[in-house]
Amino acid sequence: MLMDNFARRINYLRVSVTDRCNLRCRYCMPEEGIPLTSHEEVLRYEEILRVIRLFGQLGINKIRLTGGEPLARKEVLDLIHGISQIQEIRDLSVTTNGVLLGEFAADLARVGIKRINISLDTLNREKFAYITRRDRFPEVQTGIEKAIEVGLSPVKLNVVAIKGFNDDEILQFTRLTMEKPLTVRFIEFMPTAGVDFWNRDHVLTVDRIKEKIGKMGTLIPVNGDERDGPAERFRLQGAVGELGFISPISSYFCKNCNRLRLTPDGKLRACLFSDNEIDLRSHLRNRCSDKKLRDLLTTALHNKPQRHRMDTSQFRKCQRNMAAIGG
Ligand code: SAM
Ligand code: SF4
């Protein structure tokens with residue numbers, strides 16, 4: 001079992017497989033995109049698999065592929081298939097913007113994906129085109145339907161809640177959980193590197209979102225309020241699906257953090273908000289021993305901060321863009 005210095009059990013690795021993306025969400029990327037990691041610098045699939053195999057033996061049993069847009073990386077199904085063959089990995093999933101999901105859903109299910117997270121901040125095509133700077137809402141809709149159709153479960157929709165943008169859609173998103181087997185998760189809007197879109201006044205807190213949803217019915221905790229990593233889970237009476245709330249801004253969610261992150265260029269990051277990174281790639285390319293990789297993992301665990309400092313004057317946006325960390 002892997003533990004950090006604050007007695008948190010770490011069993012989850014998020015792997016950002018690319019920093020390239022087919023959308024340009026205003027809260028994540030500048031219009032012109034971000035400076036991209038060159039192909040030589042990006043971890044190769046065999047390197048990612050080596051890391052996951054070893055970390056799996058040490059206590060990581062949950063992997064999520066993210067990006068950039070993970071489905072935009074060439075032959076990503078081969079990587080997924082490779083991970084699905086690693087016995088220790090009991091939970092393998094993908095976070096996607098959904099644009100390519102219609103095309104990929106059946107193959108994802110075939111190569112070992114059981115569940116999927118789709119990021120979608122609005123149900124309105126014009127607003128989608130505004131927030132992502134791309135008119136691709138119909139493809140995302142098709143992707144969601146296809147994911148349900150091929151039996152991926154749960155299908156989770158991640159909604160970044162932004163005051164003045166989608167606060168008028170909270171109930172519409174909630175209503176989806178009454179009708180469809182979807183988990184809708186509201187995530188507080190966070191400040192991220194490389195974009196100036198964030199503003200504290202645009203943060204819609206989880207308490208405020210719950211208050212709005214309270215008008216539709218009582219929020220019933222799922223699993224006795226058991227937390228799924230940083231998410232709190234609920235259900236409305238009679239609903240087919242679930243609701244989730246992730247509150248990086250208004251409440252101290254770090255105490256439930258169970259994760260590490262691997263960036264496209266092979267840096268191991270212990271915290272989304274800390275630029276303290278450990279370079280695995282140079283060691284992998286120098287044919288390092290498994291012991292060396294284990295030692296690097298131990299260092300990362302020791303470096304994992306107790307919490308982010310977003311609510312204090314010490315907070316500084318991190319240097320690395322969200323799309324190059326993976327969210
Ligand atoms: N492209 C994929 C997607 O959008 O699902 C995966 C990568 S994306 C960086 C991962 C997650 O980070 C998405 O759910 C996205 O909404 C979230 N994210 C990005 N910037 C954010 C911000 N400023 N505040 C909150 N969530 C953010
Ligand atoms: Fe791309 Fe995801 Fe960032 Fe949007 S949030 S720009 S889809 S990486």
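Start at 1 and go down the list; that is how both ligands and their atoms are numbered. Bear in mind that the values here come from a model prediction, so they are computed numbers and not experimental data.
- In this structure, K304 is not positioned above the aromatic face of F6 in the sense of NZ or CZ being under 6.0 Å from the six-membered ring centre and within 45° of the axis.
- Evaluated for a salt bridge (charged side-chain N to carboxylate O under 4.0 Å, His left out) with E169, the options K212, K127, R175 yield exactly one hit, K127.
- From R14, atom CZ reaches atom CZ of R261 across 5.5 Å, with rounding to the nearest 0.5 Å.
- Within the model, atoms NZ of K62 and OH of Y12 stand 5.0 Å from one another, a figure rounded to the nearest 0.5 Å.
- L293 is listed as a side-chain neighbour of L284, based on a closest heavy-atom distance under 4.5 Å.
- In this structure, CZ on R115 lies 4.5 Å from OG on S93, to the nearest 0.5 angstrom.
- Cation-pi geometry between R26 and Y130 is satisfied (NZ or CZ under 6.0 Å from the ring centre, within 45° of the ring normal).
- Here the NE2-CG distance, from H283 to D295, works out to 10.0 Å after rounding to the nearest 0.5 Å.
- Residue contact check: G68 has heavy atoms under 4.0 Å from atoms 8 (S) of ligand 2.
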Show me the short polar-atom pairs for ligand 1: any N or O of it lying under 3.5 Å from a protein N or O, with distances only.
| from | atom 1 | to | atom 2 | distance (Å) |
| --- | --- | --- | --- | --- |
| ligand 1 | 1 (N) | G68 | O | 2.9 |
| ligand 1 | 1 (N) | E69 | OE1 | 3.3 |
| ligand 1 | 4 (O) | S119 | OG | 3.4 |
| ligand 1 | 5 (O) | T96 | O | 3.2 |
| ligand 1 | 5 (O) | S119 | OG | 2.5 |
| ligand 1 | 14 (O) | S119 | OG | 2.7 |
| ligand 1 | 16 (O) | Y27 | OH | 3.4 |
| ligand 1 | 23 (N) | Y27 | O | 3.3 |
| ligand 1 | 23 (N) | M190 | O | 2.7 |
| ligand 1 | 24 (N) | M190 | N | 3.0 |

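- The two residues M178 and Q237 make their nearest non-hydrogen contact at CE-O, 3.4 Å.
- Listing protein N, O or S atoms at distances below 2.8 Å from atom 4 (Fe) of ligand 2, with waters left out, gives C25 SG.
- Relative to the six-membered ring of F189, K163 misses at least one condition, a distance below 6.0 Å or an angle of at most 45° to the axis.
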